[in-house]
Amino acid sequence: MATASQHEHPPQPAPQHFMNTSGATNPVWIHDDPYSNRPPFSHLEQDLETDIVVIGSGISGVSCAYELVTRGHNVVMLEAREVVGGETGRTSGHLASALDDGYTNIAQKHGDQGAIIAAESHNWAIDHVGEVTKKLNLDCDYRQLRGIQFSQYDRNKQPKEHASEISELKEEVTKCKSIGMDVEFHEGYAVKGWDGLPDQRDAAIFQHQATFHPTKYVGGILAWLKEQPNFKCFTHTRVMDVAEKGIDIGPIHVGSKTVQVKTDRGHTVTCGDCIMATCIPMHKLSVVAEMEYTRTYCIAIRIPKGTVEDCLLYDLAEAYKYVRLTPCDDKDDYMVVGGCDHPVGREEPTGRFQELETWTRERFTKAGSVDYAWSGQVFEPMDYMAFIGRDPGTKHTWIITGDSGNGLTHGVLAAPIIADEIEGKAHPWSKLYAPTRTTSIIKTAKETLGHAAEINAQYKRFLQSDIHDIEDLPNGEGGVLNPTTKAPLAVYKDDEGGVHKFSAMCPHLKGVICWNRTEKSWDCPVHGSRFSKDGLLLIGPAKGNLQPADADAKGLQEQMVQS
C-alpha cells in the first residue's frame, strides 16, 4: 500500500513535464484526465490584431474568454506553456461560498454590504459552473453538496479549546445568516464515515456548496472555444510585456487607444484590451505587495465507495485541513485531503504529505493507499478579497489575482465583472473587488507593514549558502552556492549526477531563490515566483526564466522551449 512519504521525493521529471504542470508531483486530476487530453494549440508565429487578449489558460482566463466570446468579441489567448498547466490543475476542486477567511472577518474590512456581495458573487459562481457544465454537456463530475465546518479540537480531551472555537463558529453562523447564507449550526453533528478519533463533533453546515473536476471543466470549455470563429489560442507563447499606447492629457486622449502585448519570440499582438489572468500580474509591486504567498499540500487517498459522506469538510485551524471526494474506480473513491500551508520558500516541504495521511487515517480508519500527493500555491490579499478589474494606472489592462484560497470561484466570477467593465458598463460587484480600492487596504496597514518586514527579511539569503561544495550535493537535489566573491548560483544535480547551474537571483526583485525538493523547483521567498529545476518560469510575478550560468543549463531551457 502506497504511503504519502513515498511521494515526497519524486524521480527527476523530463524537462517537458513542467510544460504541463507547475511541480514534479502529479495531482489526482490526471487519474482520469491525463495531460494528453488537453486541447492542442500551436505557438504564435506572427503579429496579430484582435479585440481582447487574455493571458493565461487557467479557470480565470478561460472563464473570461468564454464570457467575451459569447458576447461576440474577438479573443486571442496566450499561454506560456501548455493549456491548464498552472494552478487550476493543482487545486482541490472545491467550489465554495463559505469562504476561507470567514464573513465575520470580511465584514470587518468591507462592511456588511461587502460581505453580502462576496456571498452573492461566490454563490453565483457555483451556479454558473453548473449552468456551463449543462450547456456544454461537460463530463466534469459537477455536483452541489454541503460544506461542513468544525473545530480542530477534540471536544472531550480539549474541552476548553473546543468550546472556544465552537463559540467563534456560532458567531460566524450568525453573521452568515444575517447576510443571507443558507447555514445552520448542528450541535453533536457527526460526519458519516468518521469512525476514528479525535471526536470533533459539532458543526456549521452550509448548503449550496459544490465540487467538480477542475481540469475536465476548463479543458472542456477550451475544446468548445477552439471551435468558435472569434477565438484563437497560442501555447508556448510567453508574454514579456504589456504596454498601452497613447497618453491622456486631461480629458483628451492623444494617440491610439491600443494595448501592445509582446512575446518572447518577438511577436506583437495589438488589441483594445488585455486581461492578465496569470495568478499574479506581471508587476514589480503595486498589488503584488498587498498579498502573501503560501504553498498548500494535498493527498488523494483511497476510501471504499459509500463509506464517507459526500461533502466538503473544513476544520478551523489557521493552516486548516480540507476534505472532498472524487471518483477513483468501481470500488473506491479518492478522498482529497489538503492543508499544511506555509509561506513560499521559507519552510521545508517535506513531512507535509505524511501529516495529511496521519490526520486522515486517525479519523477515517477505512482509508487505503495514497495514490497521489502534490502541492499548489495560494495568493492571499491582506483584506481577503481578490483583485479583479482595471490594473492600477492603466486604461485598458485588467487583472485577476488574489485567490484567497477560493481561486476557482474567484476565477469564474471575475468574467462578468471584467466583461462588463470592458464594455463600459457598471457591475454591482466591481467596487468590492477593485484593485484600486483603498478603504479596506488602509484597514490592513498593520498587517501590510508586518508583511513588508517579513519580505525584507528574506534578502538575508544574499549572505547565506545552502551548500559549500557541489560535490556534497546528492543526486536529485538542488541548493544555492553563494561564494563571497561572486553572485549566488542555483545548482541542481540530476538523478545521474549531472550538474546544472543557473543564476540564483529571481528576475523579479532579485531575491535569492530556495530549492523545493518535493516539487523539484526553485521558489522565491520574496514574492512567490517559482521556476522548474531547469529554470523555466512557472509562476510570476517574474516575467522570465532563471538566467543560465553555463552552456548546459542554456541547452536545457532551449530544449523545453523547442519541445
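When a residue number appears, it is its place in the shown sequence, counting from 1. Keep in mind the model is a prediction, meaning the values are calculated, not measured.
Residues satisfying the ring pair (Phe, Tyr, Trp, His ring centres under 6.0 Å) criterion with His342, sequence neighbours excluded, are Tyr297.
Between Glu347 and Arg352, at least one side-chain nitrogen of the basic residue sits less than 4.0 Å from a carboxylate oxygen of the acidic one, meeting the salt-bridge criterion. Ion pairing between a basic and an acidic side chain is recognised when a charged N comes within 4.0 Å of a carboxylate O; Asp333 and Arg302 show no such pairing. The pair Glu187-Arg201 does not count as a salt bridge, with every side-chain nitrogen at least 4.0 angstrom from each carboxylate oxygen. Ion pairing between a basic and an acidic side chain is recognised when a charged N comes within 4.0 Å of a carboxylate O; Asp332 and Lys305 show no such pairing. Using a 4.0 Å cut-off between a side-chain N of Lys or Arg and a carboxylate O of Asp or Glu, Lys109 and Asp101 do not qualify as a salt bridge. Salt bridge Arg71/Asp420: present, at least one basic N to carboxylate O contact under 4.0 Å.
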Checklist entry - Between Glu355 and Lys321, does a salt bridge (charged side-chain N to carboxylate O under 4.0 Å, His left out) hold up when you go through it step by step? => result CA-CA 10 Å; Glu355 180 180 337; Lys321 304 293 193 300; 3.3 Å; yes
Item to check | Lys175 and Glu171: CA distance, side-chain angles, deciding distance, salt bridge (charged side-chain N to carboxylate O under 4.0 Å, His left out) verdict | outcome: CA-CA 6 Å; Lys175 171 58 69 175; Glu171 180 183 353; over 6 Å; no
Checklist entry - Can you list the steps and then say if Asp195 with Lys366 is a salt bridge (charged side-chain N to carboxylate O under 4.0 Å, His left out)? => result CA-CA 9 Å; Asp195 54 356; Lys366 295 181 177 63; 3.2 Å; yes
Checklist entry - Does the salt bridge (charged side-chain N to carboxylate O under 4.0 Å, His left out) test come out yes or no for Asp33 and Lys216, once each step is laid out? => result CA-CA 7 Å; Asp33 186 36; Lys216 284 185 175 181; over 6 Å; no
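In this structure, Glu357 contributes its side chain and Ala4 its backbone to a donor-acceptor pair below 3.5 Å. Put simply, the side chain of Asn156 never gets that close to the backbone of Gln158: no donor and acceptor are under 3.5 Å apart. Judged by distance alone, with hydrogens and angles left aside, the side-chain atoms of His427 form no donor-acceptor pair with the main-chain N or O of Glu421 at under 3.5 Å. Listed for the Glu172 side chain is a donor-acceptor partner under 3.5 Å among the backbone atoms of Tyr103. Put simply, the side chain of Arg530 gets close to the backbone of Ser22: a donor and an acceptor are under 3.5 Å apart. Between the Thr397 side chain and the Thr394 main chain, no donor and acceptor come within less than 3.5 Å of each other. Proximity of a side-chain donor or acceptor of Thr401 to a complementary backbone N or O of Cys279 within less than 3.5 Å is detected. For His73 (side chain) and Val75 (main-chain N/O), no donor-acceptor pair under 3.5 Å exists by modelled atom type. Looking only at distances, a side-chain donor or acceptor of Arg324 sits under 3.5 Å from a matching main-chain atom of Ser92. Judged by distance alone, with hydrogens and angles left aside, the side-chain atoms of Glu165 form a donor-acceptor pair with the main-chain N or O of Gln152 at under 3.5 Å.
Counting heavy atoms from C-beta outward, His31 and Asp371 have side chains that stay 4.5 Å or more apart. The side-chain heavy atoms of Tyr322 and Thr296, taken from C-beta on, include a pair separated by under 4.5 Å. Annotation: side chain of Leu325 is not in contact with side chain of Tyr334 (no heavy-atom distance under 4.5 Å).
Pairs engaging residues 54-65 under the side-chain hydrogen bond (donor to acceptor under 3.5 Å, both in side chains) rule: Ser57-Glu79 [sequence neighbours left out]. Residues in residues 132-157 take part in these ring pair (Phe, Tyr, Trp, His ring centres under 6.0 Å) pairs, two or more places apart or across chains: Phe150-Trp194.
Between Gly93 and Thr211, the shortest heavy-atom contact is O-OG1, 3.0 Å. Of all non-hydrogen atoms in Ile301 and Gly368, the two that sit nearest each other are CG1-O, 3.5 Å. Minimum heavy-atom separation, Ile59 to Gly407: CG2-O, 4.0 Å. Summarising the geometry of Ser404 relative to Val378, their closest heavy-atom pair is C-CG1, 4.4 Å, with the distance given to 0.1 Å. Considering all non-hydrogen atoms of both residues, Cys298 and Phe353 come closest at O-CE2, 3.7 Å.
The side-chain tip of Arg346 does not point at the ring of Tyr293 from less than 6.0 angstrom away and within 45° of straight on.
Of the residues Gln377, Met291, His508, the one that meets the side-chain contact (heavy atoms from CB on, under 4.5 Å) test with Ile280 is Met291.
Put simply, NE2 on His128 and OG1 on Thr409 are 12.5 Å apart, with the number rounded to the nearest 0.5 Å. Note that the CD1 atom of Ile116 and the CE atom of Met181 stand 12.0 Å from one another [nearest 0.5 Å].
A centroid separation of 6.0 Å or more is found between the aromatic rings of Tyr372 and Trp29.
Ring geometry for Trp359 versus Phe364: interplanar angle of 30 to 60°, hence tilted. Using cut-offs of 30° and 60° on the angle between ring planes, the pair His186 and Tyr189 is perpendicular. By the 30° and 60° cut-offs, the orientation of the rings of His94 relative to Tyr314 is tilted.
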